[in-house]
Peer 1: 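This is the structure I have questions about; it appears just below.
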Amino acid sequence: MEVVEQTMPVRILEKIKFALVWLFNLMVAYAWPVVQWITSANMLIDTKKEETEDEKALAEAFDGFDEPDGMIKFVKKKLVSREASLNYGTDLILADYIQASSDENQVPYLMKRCVDEIEVRGLHQVGLYRISGSDREIKELKKKFMKHELNLDLSDLDIHVVCGTLKDFLRSLKDPLIPNAMWKSVTETALNSDSDDFYKVVSRLPKTNLRCLIFFITHLQKVMEIPENKIDKECLAKILGPTVVGYSSADPSPLELVGQTHVLAKCMERLLELEWWMVSFNVMDCQAIL
């Protein structure tokens, strides 16, 4: 009888211990998903707040424009709210930055504004497009452009920040100025054909891409004409080939990154040589599109 009385508390303690362990495991199993859900909910709330602020900024920026609501909806798709990233985001589509219009001389506002600033005061700066600008200042400038702030004053910015902002915008496009679908035909013609054949192939680019490509190439030709900046055709081709021409696929392998370097540089050199494009494109009449 005494033995039974002594073992009863032990059994009760074991049951209590088992119950506590079971309860702890239950809490671990269900509490972590709850914590994740709460964290996700908070992030969603913060994102909504940022989107509301972006909408207010757009409303102010487009105040006075014809049909501002339609323009705001158009631009809102491309706003980037994650301030920690230097990128505009992924899968940006060049055509989305060009409003449908009968005017054929249109390029994104960011491209026109940056190029204008560089040509006003930066053509003689050593290392254009080669020297990196401040990441912090590039991020701040890009945020302003993405909110479509008007009449931006770039005069106090380091010119390399302006170049860096333009380069990063082009790198963030889903398709480079030379689309992936036309990469093979353009690069093969650049390597193996004369200027007439190369011109014909490049002329088949989508109109938006061709327009922006000509605008940017014309600007780069001005850059490489200035000996003081120490940036010649070969240097620009190596620096900007991956940005302008891009690689054979949207997600190139390490082998492609290395193996296609020469191809990109050669193709970029050919693009920089096509000065007679301007017969059909008046750069001075180019309009900046918000």
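All residue numbers refer to positions in the sequence shown, counting from 1.
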Peer 1: How far apart are the C-alpha atoms of Cys114 and Phe169, what are their side-chain angles, what is the distance that settles it, and do they pass the side chain to side chain contact (heavy atoms under 4.5 Å, CB included) test?
Peer 2: CA-CA 11 Å; Cys114 288; Phe169 171 74; over 6 Å; no

Peer 1: Any donor-acceptor pair under 3.5 Å linking the side chain of Asp135 with the backbone of Ile138?
Peer 2: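 Not confirmed, Asp135 side chain does not pair with Ile138 backbone.
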
Peer 1: Pairs in or reaching into residues 251-272: which pass salt bridge (charged side-chain N to carboxylate O under 4.0 Å, His left out), with residues at least two apart or in two chains?
Peer 2: Arg270-Glu273

Peer 1: Counting C-beta onward and ignoring hydrogens, is there a side-chain heavy-atom pair between Cys235 and Lys230 closer than 4.5 Å?
Peer 2: no

Peer 1: What I'd like to find out is whether the side chain of Leu271 reaches to under 4.5 Å of the side chain of Val202, using heavy atoms alone.
Peer 2: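 They are in contact (side-chain heavy atoms under 4.5 Å apart), so the answer is yes.
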
Peer 1: Are Leu205 and Leu191 linked, directly or through intermediate hydrophobic residues, by side-chain heavy-atom contacts shorter than 4.5 Å (ILVMFWY only)?
Peer 2: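 Yes, it is one cluster - the side chains of Leu191 and Leu205 are joined through contacts under 4.5 Å.
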
Peer 1: Quick one: side chain to side chain donor-acceptor pair (under 3.5 Å) partners of Glu188, sequence neighbours excluded?
Peer 2: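 Counting only residues at least two positions away or on another chain, Glu188 forms no side chain to side chain donor-acceptor pair (under 3.5 Å).
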
Peer 1: Do NZ/NE/NH1/NH2 and the carboxylate oxygens of Lys144 and Glu140 come within less than 4.0 Å?
Peer 2: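 Looking at Lys144 and Glu140, the cut-off is not met.
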
Peer 1: If hydrophobic clusters are built by linking Ile, Leu, Val, Met, Phe, Trp and Tyr wherever their side-chain heavy atoms come under 4.5 Å apart, do Val115 and Ile226 end up in the same one?
Peer 2: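 Result: yes, single cluster for both.
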
Peer 1: Taking all non-hydrogen atoms of both residues, which atom of Cys212 and which atom of Leu177 are closest, and how far apart?
Peer 2: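 In terms of heavy atoms, the two residues are closest at CB-CD2, 4.1 Å.
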
Peer 1: Please report the closest heavy-atom contact between Ile159 and Gln125, naming both atoms and the distance.
Peer 2: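 Here Ile159 and Gln125 meet closest at CG2-CG, 3.6 Å.
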
Peer 1: As a test of understanding, state which of Thr243, Ile217, Ile239 forms a side-chain contact (heavy atoms from CB on, under 4.5 Å) with Met268.
Peer 2: Ile217

Peer 1: Could you go through Leu264 and Trp183, starting from their C-alpha distance and side-chain angles, then the distance that decides it, and tell me whether this counts as side chain to side chain contact (heavy atoms under 4.5 Å, CB included)?
Peer 2: CA-CA 10 Å; Leu264 305 184; Trp183 187 89; 3.7 Å; yes

Peer 1: Between Lys112 and Asp116, is there a side-chain N and carboxylate O pair less than 4.0 Å apart?
Peer 2: yes

Peer 1: What is the minimum heavy-atom distance between Pro179 and Asn209, and which atoms define it?
Peer 2: CG-ND2, 3.6 Å

Peer 1: Could you check whether Lys238 pairs with Glu234 (Lys NZ or Arg NE/NH1/NH2 to Asp/Glu carboxylate O, under 4.0 Å)?
Peer 2: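 Salt bridge flag = no for Glu234 with Lys238.
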
Peer 1: Give a yes or no on whether Leu257 and Leu170 share a hydrophobic cluster (residues Ile, Leu, Val, Met, Phe, Trp, Tyr; joining criterion: side-chain heavy atoms under 4.5 Å apart).
Peer 2: yes

Peer 1: Write down the atom of Gln221, the atom of Leu274, and the distance for their closest heavy-atom approach.
Peer 2: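 Of all heavy-atom pairs spanning Gln221 and Leu274, the closest is NE2-C, 4.0 Å.
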
Peer 1: Applying a strict under-4.5 Å side-chain criterion to I, L, V, M, F, W and Y, I'd like to know whether Val120 and Val162 cluster together.
Peer 2: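 No, separate clusters.
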
